[in-house]
Amino acid sequence: MTSTDVRKDAEDSGPSGYAAARLRLLTEGARSGPPRRAALAELTDDWLAGLFTGGAGELRGVSLVAVGGYGRGELSPRSDLDLLLLHDGADPAAVAALADRLWYPVWDLGLALDHSVRTPAEARRTAAEDLKVQLGLLDARHLAGDLGVTAGLRTAVLADWRNQAPKRLPELQELCAERAERQGELQYLLEPDLKEARGGLRDATALRAVAASWLADAPREGLDDARRRLLDVRDALHLTTGRATDRLSLQEQDQVAAELDLLDADTLLRQVYEAARVISYASDVTWREVGRVLRSRSVRPRLRAMLGGGKPAAERSPLAEGVVEQDGEVVLARAARPDRDPVLPLRAAAAAAQAGLPLSLHAVRRLAGTVRPLPTPWPAEAREQLVTLLGSGRPTVEVWEALEAEGLISRLLPDWERVRCRPQRNAVHVWTVDRHLIETAVRASEFTRRVSRPDLLLVAALLHDIGKGWPGDHSVAGEIIARDVAARIGFDRADTAVLSTLVRHHLLLVETATRRDLDDPATLRLVADAVGTQSTLELLHALTEADALATGPAAWSSWRGSLVADLVRRVSAVLAGEAPEEPEPAAATAEQERLALEAAATGGPVLALRAQTEPPAEEPSGEPEPLGVELVIAVPDQPGVLPAVAGVLAMHRLTVRTAELRALDLPDGVDGSVLLLAWRVAAEYGSLPQAARLRADLVRALDGSLDIAGRLAERDAAYPRRRGVVAPPPRVTVHPAASRLATVIEVRAQDAPGLLFRIGRALEDAAVRVRSAHVSTLGANAVDAFYVTGPEGAPLPGGEATSVARKLEEMLRG
């Protein structure tokens, strides 16, 4: 069906004909994107014009005007109709009757309507008071009626906007900043708001308003395509959900991707992020230019008066060879020759970051257009300038983004292209892969005084997740890429080996410290063998902390930091030639020993609850970070302790953040053995239960009179969990070399109420004894390690261990 046919149906059939024509237009698979938006706007124009003509009669000096997105001719399937009924003071009763003839048919069709009735003077006065109204009027478009009234308003509104720009543009910039603070950055969010988030459609509209002021203009290259892409995604979102929503929720991303004929949801997010990045960068450049122009306007009249007229030349301060500062930006010197100086992009970037200044758009584009490729391997100066850039702290981010916006990063480091704008579907991560790498370098710059080779630390920070652009284990893939990149940028063979080791094992310390028994000599030897030298261990320690801090607030705490530091200390001793001693029973604190003795004397469980906090990690004046509650339980050694404790906690809606379980030897003269459980828990909601109530339920769980499985099943049936994003399947693995004294079984699964209870019960059913447990939760992911033995206290044979792991995995999948 052609556009002419659609319009004819609408004209012939009135509102119902318009509705049918609109539906056909929206379901035509061949027509999407800008053509469909334009056709929908045209169809709506014709329908509204018909309503206006039929209701206006002899009324003069009245027009119907589309404003905002509708004024731009960009109607998404569920967009509001933004309409202004403009009149020159005509008969109020006749104007009101006409308004009813226009608004009620729109409402009858269930379309969202934003409407107003004003004279030109009222419209201008409202615009002067309300910036959002003025922005909408900048896109005013005549639909029907007196064209002269509409044209007069458009001319007046544009003149007002240009005259008031020095006052209104800072107000608009503040509005954009507040919205960004509230909604976040579109290019990093897993469930972004396509309109309101920074880099979204509202920012694109703001850039149009700046251009209309004639005060400054946005860099136009790629901007229209970026805006079109976000509009296309919003169209598909409206069609798949049937709602007027701008939030791209996780559960809708696959459907939206299919509507747009994209491979998958990750491809969709990557395109959204790329578009948002273009708009965000254009916004940064534009608002910087607005500030420069406004400062210049406020200073020049005084300078001209002092100097007797004339325009003073901008001061240029040298920063590096071929690089100067001018008017608050870093630009190329007049004598700079990018075509003969391949190191110039890195030199300019390093100088800008060190000075805390932005790279000018003109300079970056000139470099991108004329600079020659660096030779392989890079000259020493290029490598040094890269290290300087990475070590400049927070200013590195803005400078790096400027280089990336013009494609210079991918030309310097071709492997960067595979991680650029790549989403990370993990609640722990707050950044895309590429931004996380830069954030890690920023964090690592704070630790350069802790290591003997800060250059290797900074480059390792930049490359540690570079393998995430490839299938398989990103650490394994990253090791290969890091070796290639290190050689290409000029590191010698020894340094290249260190960098590849750091990338390969960048998760080793934190995973070992939180999931392995540090008293086991095999644990320390494995880490020492992987690291090899004291200097590499030193670098890996700093990289581990920088990586975790750059990941997100859930990835690092003083508790994790202390565990990693303890592991590093022990491994350092091994590397120094001190053989790890055979483990001895861990010393109990005075409180733990008291609880253990009481448990042995009473023959039942004894527990204590104590609130925990940790000192602020970065701001000395900050408040302590709440860690939840420390729960210490002493129980006479017996079967079923782990599932019993985990089940009782799940019943009371207590989330287990960390858990340690170990046997505790009693003092001489006291018979028996006691299991000590030191756990950190937090209430899902509400207040914590009383310790006495927990103990009573634990007694019943241990003697079998409390049906934990049944109680949890009843609760799940009464309050089913909402289905959100589909989590990856659980994975259970055996690590045979991780300990000489026990078999280490590691479980990775989606965290859920009762998970630890189910695991503990499955291990009990397998007739294995849990010697110790190391439980940690990162966001929605549980990563638990269990040191288990057979009934006789020996590690499980290989086949039996594999069988236990397989059955445990099957149980978790079921």
Does a side-chain N-to-carboxylate-O contact under 4.0 Å join D484 and R488?
yes

Quick one: which of L458, V503, L457, L509 gives a side-chain contact (heavy atoms from CB on, under 4.5 Å) with L543?
L457

Indicate yes or no: does D225 engage R229 in a salt bridge with an N to O separation below 4.0 Å.
no

Rounded at 0.5 Å granularity, tell me how far CG in D473 sits from CZ in R504.
5.5 Å

With R198 as reference, evaluate D193, D284, D203 under the salt bridge (Lys or Arg N to Asp or Glu O under 4.0 Å) test and give the passing residue.
D284

Please determine whether a side-chain nitrogen of the Lys or Arg among D341 and R372 lies less than 4.0 Å from a carboxylate oxygen of the Asp or Glu.
no

If you draw the axis of the six-membered ring of W214, does the NZ or CZ of R162 fall within 45° of it and under 6.0 Å from the ring centre?
yes

Do R292 and D327 sit within salt-bridge range, that is, some charged N less than 4.0 Å from a carboxylate O?
yes

Could you tell me whether D434 and R277 have a side-chain N and a carboxylate O separated by less than 4.0 Å?
yes

Is R411 salt-bridged to E404, going by a charged N under 4.0 Å from an acidic O?
no

Flag the pair E439 and R394 as a salt bridge only when some basic side-chain nitrogen lies within less than 4.0 angstrom of an acidic carboxylate oxygen.
yes

Ring of W556, cation from R560 - is the NZ or CZ under 6.0 Å from the centre and inside 45° of the axis?
no

Pair R365 + E406: basic N to acidic O under 4.0 Å:
yes

